[in-house]
Amino acid sequence: MAFGRGCETVIGRFEKDAFGLPVYVYEGDLPYRATLKNGEAVRLPEDPWFLLGNYQLTLFAHVSGEYELLCGQRSWGRLNQAEGRVNSGDNSARVILRAGGEAREFALTGLDSLAADSARTKRRFGCGYAAYAYQLTETVRLERVLEVRPSREIDGGASAFLLTVRLVNAGDSEVGFDYEEAVRAIFCEIQFQFVPEAERPVRFSYVQADEPGLLLTRIVGHSDDPLLTADRDARSSLDAFPPALLMEAGDEGTILDRSASDPRTMRAHRRATIPAGGQLRFSLRVGYTYERGVTALEALRRALPFVDADAPVWTEEWRDALPRFPEACAGEVSPEELTWHAYVLEAMATYSEYYGETKIPQGIIYDYEWGKHLSARDNFQHGLPCVYSNPKLAKSILRYMMKRTTAWGEIRLAEYGNGNADAERYFTSDQQLFFFMLLSEYLRVTGDMGLLTEEIACYPYRGEAKRPVWQVVRACFEFLRDAVGRGPHGLVRLLNSDWNDAVYYIVKAPYNNVVFGGESHMNSAMACVVIPAMMAQLEKAARQEALAGVAGRLAKLRESM
């Protein structure tokens with residue numbers, strides 16, 4: 001497998017784990033560098049990362065052993081932001097090995113660490129875990145595993161990961177070691193990570209709330225605007241209410257403390273001696289909580305308990321949560337690759353505190369780099385495979401997007417801050433078409449026609465009156481028909497962008513001359529497919545006895561289409 005179009009640098013391979021799930025073995029050295037056939041350097045990270053996550057947690061596990069801990073239930077934020085580096089986390093791990101009267105120190109994370117050496121470290125990234133196996137000496141091996149448990153419910157999941165360390169002494173004499181794992185609490189709302197800290201609208205202070213065996217750093221937002229920090233539940237384009245970062249020891253032998261030079265740095269220490277042929281294992285719980293108090297911590301501990309096991313703990317649960325594909329249906333794509341894609345969608349899925357639903361974000365640029373829940377059409381597209389693999393998640397995506405839709409049928413393109421949604425500078429023409437595509441496919445596959453009579457509140461959602469879903473469908477169609485409309489040739493208008501947002505930037509004609517006259521071939525072709533499919537499902541719904549009471553109103557909706 002290679003990164004970059006036209007790039008021939010092989011960096012690793014896929015294989016199967018004990019449960020038949022795909023796992024990627026990264027075999028390249030760090031920093032990652034490669035050139036295209038024309039000699040140009042690829043513009044990709046020097047330290048690639050793999051996604052771990054559930055509905056309450058997003059974790060980027062870098063090949064170097066570093067990680068980025070993200071929260072997305074409100075505004076996208078990074079809890080361990082590395083100072084002076086965007087898209088980076090601040091954590092470290094090191095071990096001092098004592099044997100034969102000598103002491104040797106090994107850095108285990110970073111581009112200059114042992115993790116960067118492919119000859120001495122095996123790096124495996126599976127469904128829900130990242131595993132690093134370091135060969136410290138010929139006879140001493142250290143394994144470090146980061147693992148996330150899958151979510152079982154739409155609003156569930158543990159907002160933390162297990163970090164397990166195992167030292168194996170295969171030699172004929174005892175060895176001693178000192179191990180340290182550290183993470184620094186620096187919160188950055190991702191939409192401002194490119195803005196100098198002094199110019200950001202919200203500043204943060206860090207309050208220690210430690211207990212025996214637990215380090216807890218509460219992060220408190222401050223702003224010159226008193227309305228911004230007045231109410232955590234208020235809809236806002238900014239967020240001054242981040243969660244608290246925590247580190248918890250799995251046993252009494254692991255000592256927790258804070259750096260004397262920077263108390264934001266939370267550390268775990270373990271010192272022990274391993275006899276010849278022996279091994280030692282210990283674990284940490286690292287994550288965050290939005291809630292305060294004992295009850296929230298106990299719920300997190302129940303959701304992610306410490307488990308005594310050599311292999312990754314939750315792989316069997318991931319196997320049960322993911323679809324499996326037989327060889328016969330895969331075609332040119334391997335079944336393992338299809339399962340990998342399904343895992344990534346599940347790992348990306350993120351619960352929304354404001355809307356009370358879970359969605360699958362666009363991810364790599366909009367969310368993880370720009371810090372905004374963009375774009376509406378991407379949420380609909382990501383929901384399509386879930387109709388088959390996880391219908392409950394597909395339904396929650398539909399409900400989330402309808403809550404982000406106005407009463408007059410405008411599907412808000414962007415969400416950022418806490419629940420705040422708008423169109424930014426775009427007047428897009430295709431969002432309703434993607435809504436119809438996902439909704440009709442969901443109804444066709446699941447037969448859940450009752451969704452059409454479920455009641456839902458439209459944007460801004462909180463405090464708004466509820467109405468049945470079929471009325472939301474009607475409003476979206478009327479918006480498409482009347483606000484988007486058709487151009488001079490009878491095709492669906494383009495406005496300033498359809499799926500191809502670049503039209504807004506590259507069109508040569510003066511913008512004001514084309515925004516209302518331009519037409520979209522893609523919109524028109526898509527309308528010819530998705531509107532009849534939507535009509536077919538509405539007709540089917542109207543025939544069902546359960547919807548007899550609204551059959552007449554559905555018939556009027558079909559007529560308007």
Side-chain angles (χ1 to χ4, degrees), residues 1-3 9-15 17-18 23-34 44-50 52 60-68 88-126 129-147 163-183 268-284 310-312:
M1 182 177 179
F3 278 178
T9 302
V10 175
I11 59 172
R13 57 186 170 81
F14 274 108
E15 60 183 33
D17 64 17
V23 56
Y24 192 79
V25 181
Y26 193 98
E27 297 176 324
D29 289 328
L30 296 177
Y32 167 78
R33 293 192 178 94
L44 290 170
E46 292 185 326
D47 188 4
W49 53 264
F50 290 77
L52 310 181
F60 300 156
H62 286 262
V63 175
S64 73
E66 293 184 351
Y67 60 78
E68 303 174 48
S88 298
D90 189 335
N91 71 286
S92 63
R94 66 186 184 93
V95 63
I96 297 174
L97 195 65
R98 303 186 305 274
E102 293 184 329
R104 298 174 61 188
E105 181 172 344
F106 301 90
L108 305 177
T109 59
L111 292 176
D112 296 324
S113 74
L114 200 60
D117 186 348
S118 61
R120 298 185 60 185
T121 304
K122 188 173 184 179
R123 299 143 305 185
R124 295 165 52 87
F125 301 90
Y129 68 89
Y132 308 84
Y134 306 86
Q135 197 66 44
L136 302 182
T137 68
E138 290 184 0
T139 58
V140 180
R141 184 175 77 254
L142 185 148
E143 299 170 1
R144 179 173 173 267
V145 180
L146 284 59
E147 188 171 10
L163 196 159
T164 301
V165 177
R166 186 166 74 115
L167 281 122
V168 179
N169 178 14
D172 54 9
S173 59
E174 67 177 23
V175 295
F177 73 91
D178 293 283
Y179 183 88
E180 178 185 279
E181 184 81 35
V183 59
H269 303 271
R270 188 61 179 261
R271 166 177 272 195
T273 300
I274 306 177
Q279 62 176 286
L280 178 68
R281 181 178 52 250
F282 53 95
S283 296
L284 302 170
D310 288 338

Atom of [X], atom of [Y] and distance for their closest heavy-atom approach:
X	Y	answer
Leu52	Leu146	CD1-O, 3.8 Å
Ala276	Asp172	CB-C, 3.4 Å
Val63	Ala115	O-CB, 4.0 Å
Gln135	Thr137	NE2-O, 2.8 Å
Ser113	Ser64	OG-O, 3.9 Å
Gly28	Ser118	O-CB, 3.8 Å

Picking from Tyr129, Trp49, Phe50, Phe125, what satisfies ring-ring contact (aromatic ring centres under 6.0 Å, His included) with Tyr24?
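The single option meeting the ring-ring contact (aromatic ring centres under 6.0 Å, His included) with Tyr24 is Phe50.
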
Drop me the distance from [X]'s [atom1] to [Y]'s [atom2], to the nearest 0.5 angstrom.
X	Y	atom1	atom2	result
Leu114	Leu142	CG	CG	9.0 Å
Ile96	Tyr179	CD1	OH	12.5 Å
Glu174	Ile274	CD	CD1	10.0 Å
Tyr26	Ile11	OH	CD1	4.5 Å
Tyr32	Asp47	OH	CG	13.0 Å
Asp90	Glu66	CG	CD	8.0 Å

Would Glu180 and Arg270 count as a salt bridge (Lys or Arg N to Asp or Glu O under 4.0 Å) if you check the C-alpha gap in whole Å, the side-chain angles of each, and the deciding distance to 0.1 Å?
CA-CA 7 Å; Glu180 178 185 279; Arg270 188 61 179 261; over 6 Å; no

Could you go through residues 97-110 and list every donor-acceptor pair under 3.5 Å that involves a side-chain atom there, pairing it with any protein atom two or more places apart or in another chain?
unit_1: Arg98; atom_1: NH1; unit_2: Asp178; atom_2: OD2; d: 2.3
unit_1: Glu105; atom_1: OE2; unit_2: Arg94; atom_2: NH1; d: 3.2
unit_1: Thr109; atom_1: OG1; unit_2: Ala93; atom_2: N; d: 3.1

Does a salt bridge link Arg123 with Glu27, judged by any charged N lying under 4.0 Å from a carboxylate O?
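Judged by the 4.0 Å cut-off on N to carboxylate O distance, Arg123 and Glu27 do not form a salt bridge.
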
Do His62 and Glu68 have a side chain donor and acceptor closer than 3.5 Å?
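The answer is yes; a qualifying pair exists.
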
Might you work through the salt bridge (Lys or Arg N to Asp or Glu O under 4.0 Å) test for Glu181 and Arg144, ending with a clear yes or no?
CA-CA 10 Å; Glu181 184 81 35; Arg144 179 173 173 267; 2.8 Å; yes

Do Leu280 and Phe177 have side chains that approach each other closer than 4.5 Å (heavy atoms only, starting at C-beta)?
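In short, these two side chains touch, coming nearer than 4.5 Å.
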
Does any part of the side chain of Thr164, heavy atoms only, come nearer than 4.5 Å to the side chain of Glu147, both counted from C-beta?
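Glu147 does not reach Thr164 side chain to side chain.
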
Treating Asn169 as the side-chain partner and Gln279 as the backbone partner, does any N or O pair qualify as donor plus acceptor under 3.5 Å?
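No; zero donor-acceptor contacts below 3.5 Å.
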
Does the Asn91 side chain pair with the main chain of Tyr67, one donor and one acceptor, at a distance under 3.5 Å?
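Checking the backbone N and O of Tyr67 against the side chain of Asn91, a donor-acceptor pair under 3.5 Å is found.
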
How about Asp117: does its CG atom have over 12 heavy atoms from other parts shown lying under 6.0 Å from it?
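Counting other residues, nucleotides and ligands, CG of Asp117 exceeds 12 neighbours.
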
Residues Glu46, Leu30; criterion side chain to side chain contact (heavy atoms under 4.5 Å, CB included); working and verdict
CA-CA 7 Å; Glu46 292 185 326; Leu30 296 177; over 6 Å; no

Checking Phe282 against Leu167 for the side chain to side chain contact (heavy atoms under 4.5 Å, CB included) test, could you report, in this order, the C-alpha distance in whole Å, the side-chain angles of both residues, the deciding distance, and whether it holds?
CA-CA 9 Å; Phe282 53 95; Leu167 281 122; 4.3 Å; yes

